[in-house]
Structure formats: structure tokens, C-alpha cells
2 protein chains.
Amino acid sequence: MKGLHVPKPSKRDQLLDATKELLWDVGYEAMSPRDIQDRSGARPGSLYHHFPSKLAIAGEALCDLAKEDVASTNDFFSTDAAPLDAVRQYLFLKRDGRRGCRFGRLVNETSIESEEIRRPVTAYFDAVRTNLAQSLHKAKEEGTLPPDLDTETLSISLLALIQGGGILAKAYQDYSYFDRAMEGALALISGVARA
Amino acid sequence: MKGLHVPKPSKRDQLLDATKELLWDVGYEAMSPRDIQDRSGARPGSLYHHFPSKLAIAGEALCDLAKEDVASTNDFFSTDAAPLDAVRQYLFLKRDGRRGCRFGRLVNETSIESEEIRRPVTAYFDAVRTNLAQSLHKAKEEGTLPPDLDTETLSISLLALIQGGGILAKAYQDYSYFDRAMEGALALISGVARA
DNA sequence: GTCTATAACAGGATAGAC
DNA sequence: GTCTATCCTGTTATAGAC
């Protein structure tokens, strides 16, 4: 009988959903419990009944988000496309430039020092890096990329590129900076690739 | 007679110096006027006598920082080294990994929407980008880089790489991620360069 | 110009009724 | 489980004496 009807969402779920949106929109520090309450339609009693603190609800929300995004990243790379094409497509994947990466945006906040926040962030980064590294490695095995290329290191560069591209887009308030950052890197990759 | 002795620093200067340190350490939102007062040894009366608001003192402090860092970046690239070597050296320039880029760290805060904060940030980014683009362009004219390479676009990628490298270093609490991100990019550049 | 004192408000959380 | 009411603290200033 599972899934035959949509169960009424519990206040707990509504609180978590509101927190997920706020973490993306404004980050952790700028998100007040009051904001969560207003957006979810729940009152303080509900919030502190289900979660001991702001950090706790943010941590659970972020873990959910990381799970989702790790899964969709794995999906994206489970493709029949040529490995280097998968990488190219991933770099130009449509992202929400206005809000930037929901994980990367948290890194410069004080809260990154708590494991509740840091763990889901690095879990997401690890997933992206691993998928990129695997595709680059396959491309090397195919002979599309030169055999002496360090694909592990390159995957770190590409992850940094994506994160930095988001920073530039936001600073300049212009998403085209993100795409140009990707293009520059792709030109280099194409430059070393065997057709 | 200018510069013959060190004048006693005014409270105004002490307030600005404290603000500069705090902006780097904790960012704008997490920096309270009280923090500025404690670090500078000045009381609220002094702060609000010299500056109308927290945003005003932060804006002036950031403009000073941008001026300094634009000048030192220009200096760095005023070198006799081969253009591509200057780029390589810039990427591996020792940065404070624990604190990250003092400008980039502000981009994900709400305050980036105010021109007082955004302008010095983009001024610094522009200076880095311009210097990188010029060096890459010289390398192309020399024949060190292929003639069809879009050096403007590549300079944006390298700026993004630097910013993103800082994000990874902070997320993983390990500065070696920054260096590895740079290495991956350098390997690509060397791959397309003519010896 | 610098100080002390304090106001007005928001953030983070608790108490206790229902 | 959810609500209303409330508490304590920190933030961002302002007032006015010196």
C-alpha cells in the first residue's frame, strides 16, 4: 500500500523543507529559527519538540540534501556518453547561478567548524570529485586523454573550478562568468585530448 | 618632513585596522560593532563619531584592502620572468589557507548586495584577472602558448580556480587541496604550451 | 574626539497550556 | 505534537557628559 496516497506532510517535514530552502537562500548564520517557523507555518514549540537546536535541524536538512545531490550526481555520470563528453556536460549543467552551490556557500561560515555542517558538505564534494575522476580515468584508458595525465589531481581542479565559477558569478552578478570559467578549462582539456 | 616619525595612530585608524582584521577572520555579518570596539580599544562613541554605520566602516576598510592588494598584485606581475612562469608562480603564491581569500569569502554573504562591499571585491578580482590575462597574452605572442587560445577566458578560469581552491582547502581543512587544484590546471597549461 | 549609559530590536531557546 | 507566551542575550546603534 506504500505510495498509494500522499500522506499529509508532518510539521517535522515542513520544518525540514523550510530549512533546506533557507540554507540555500541565505546560509546557516543568516537563517534564524524565526525564519524557519515563518516559512514552514510551525511555531517554536514544534521546532524545539522535534529538534534540540538550530544546528541540529540544519545538520539533518543538509544531510538530506547531500544524499539527494550525491545520488543525482551519480545518476548523471551513469551514462553511455563518451567519458570526456560526460565531463563536458557536467561542467555546463544548468545550475542556479543566483544562489550558487548550496554546499560551497556554507564553507566560509563559522558553522563549517561543526561536524554537522562540514560532513555533508565534504560528502557532496567527494561524490563530485570521484565521478569526475572516474570519467577522466576512463577517458585516459580509452586513449582520449594522454597517459601521463594525473586524473585524480585534475578532478580536484575541476571541482575547484565549479566552486570558483559560482563565486565569480555571484560577485559580478552575472552568470556568464560561470560559463566562461568552464569554457576556459574545457579549451585546455580539448587542447591535450586526442581528438 | 613627511614620514620622519610614526604619528600616534588615531582612534579612527585603529578602528579601521581592527575592522580589516575582522573582515578577514569572520566576514561582515559575523563581525559586530562590539568586536571592532574590543579589538581596537575604542568605545561606541568613537566608532559612530567617525563612521555613520557598520556598513560604512566595513566599506572603507575593504576599499583600503582592495587598494593594497591590487597594488601588490600589479607589483607581482611587474617581473622580468617569462610570462608563463609569472602565472605559475602566482598560482602557487603562499596564501593564508586557514582564512581563505579576504574578498572571495564575502561573496556568499547578504552584504555583497550592497555596493560598498561589492565594489572593492570586484575591483580586486578585476586586477587579478587583468594581470593573468596580460601574462597569458604575452605568452601567446611569444609563441609559448598556441595562437588560437582565448587568454581572456582562460584568465577567468584561473581566477575561479584560485577562489575554488580556497573553498576546498577550507571545507577539507587541508591546504594541500589548494595546491593540488593549482597543479591540475598547470598540468593542462603545460600540456598545451610549446616547451 | 572619546567616554559611559542605555535604548530598541532580533536571535535562540524554554515553559507550560491544550 | 502543536500552540502561545515569555526569557535572556547579543546586536546596532543613540544620547549626552567630559
Practice problem: Could you check A/Arg102 against A/Asp25 for salt bridge (Lys or Arg N to Asp or Glu O under 4.0 Å), going step by step and ending with a plain yes or no? | Solution: CA-CA 8 Å; A/Arg102 21 187 184 189; A/Asp25 281 344; over 6 Å; no

When you compare the protein's N or O atoms with those of nucleotides 15-18 of chain D, which come within less than 3.5 Å of each other, and at what distance?
none

Quiz item: So, is A/Tyr48 near the phosphate of C/dA13, with a side-chain N or O under 4.0 Å from OP1 or OP2?
Solution: yes

Quiz item: Who are the side chain to side chain donor-acceptor pair (under 3.5 Å) partners of A/Arg118, not counting sequence neighbours?
Solution: A/Glu115

Exercise. Rounded off to whole Å, could you give me the CD1-to-P distance for the B/Ile57 and D/dT12 pair?
Key: 13 Å

Exercise. Would you mind reading off the distance between A/Leu47 atom CG and C/dA13 atom C1', rounded to a whole angstrom?
Key: 10 Å

Quiz item: How is B/Ser10 classified with respect to the nucleic acid when contacts are heavy atoms under 4.0 Å: base, sugar-phosphate, or nothing?
Solution: nothing

Quiz item: Rounded to whole angstroms, how far apart are CD on B/Glu29 and C1' on C/dA10?
Solution: 14 Å

Quiz item: Between C/dG12 and A/Lys54, is there an OP1 or OP2 to side-chain N/O distance shorter than 4.0 Å?
Solution: yes

Exercise. Rounded to the nearest angstrom, tell me the gap between atom CZ in B/Phe51 and atom C1' in D/dT12.
Key: 16 Å

Quiz item: Counting just side-chain N and O atoms, does B/Ser46 come under 4.0 Å of either OP1 or OP2 of C/dC3?
Solution: yes

Quiz item: Looking just at side-chain N and O atoms, do B/Tyr172 and A/Asp126 make a donor-acceptor pair shorter than 3.5 Å?
Solution: yes

Quiz prompt | Under 3.5 Å: donor-acceptor pair, side chain of A/Lys54, backbone of A/Tyr28 | solution = yes

Quiz prompt | Nearest-Å distance for atom pair CE/C1', residues B/Met31 and D/dT12 | solution = 12 Å

Exercise. Check whether any side-chain nitrogen or oxygen of A/His50 sits under 4.0 Å from OP1 or OP2 of D/dT2, and answer yes or no.
Key: yes

Self-check item: Whole angstrom value for the distance that separates P of C/dG1 from CG of B/Leu15
Solution: 13 Å

Self-check item: B/Thr144 side chain to B/Lys140 backbone, donor-acceptor under 3.5 Å
Solution: no

Exercise. Report yes or no: does A/Arg95 contribute a side-chain atom to a donor-acceptor pair with the main-chain N or O of A/Leu91 at less than 3.5 Å?
Key: yes

Exercise. Would you check if the side chain of A/Ser155 reaches a backbone N or O of A/Glu152 as a donor-acceptor pair within less than 3.5 Å?
Key: yes

Quiz item: B/His49 has an atom NE2; how far is it from atom C1' of C/dG1, in whole Å?
Solution: 5 Å

Self-check item: Stretch residues 32-43 of chain A: residues that reach within less than 4.0 Å of DNA chain D through a heavy atom
Solution: A/Gly41, A/Ala42, A/Arg43

Quiz item: Backbone N or O of A/Ala71 within a donor-acceptor pair of the A/Asn74 side chain at under 3.5 Å?
Solution: no

Quiz item: Got a donor-acceptor contact below 3.5 angstrom from the A/Ser190 side chain to the A/Ala187 backbone?
Solution: no

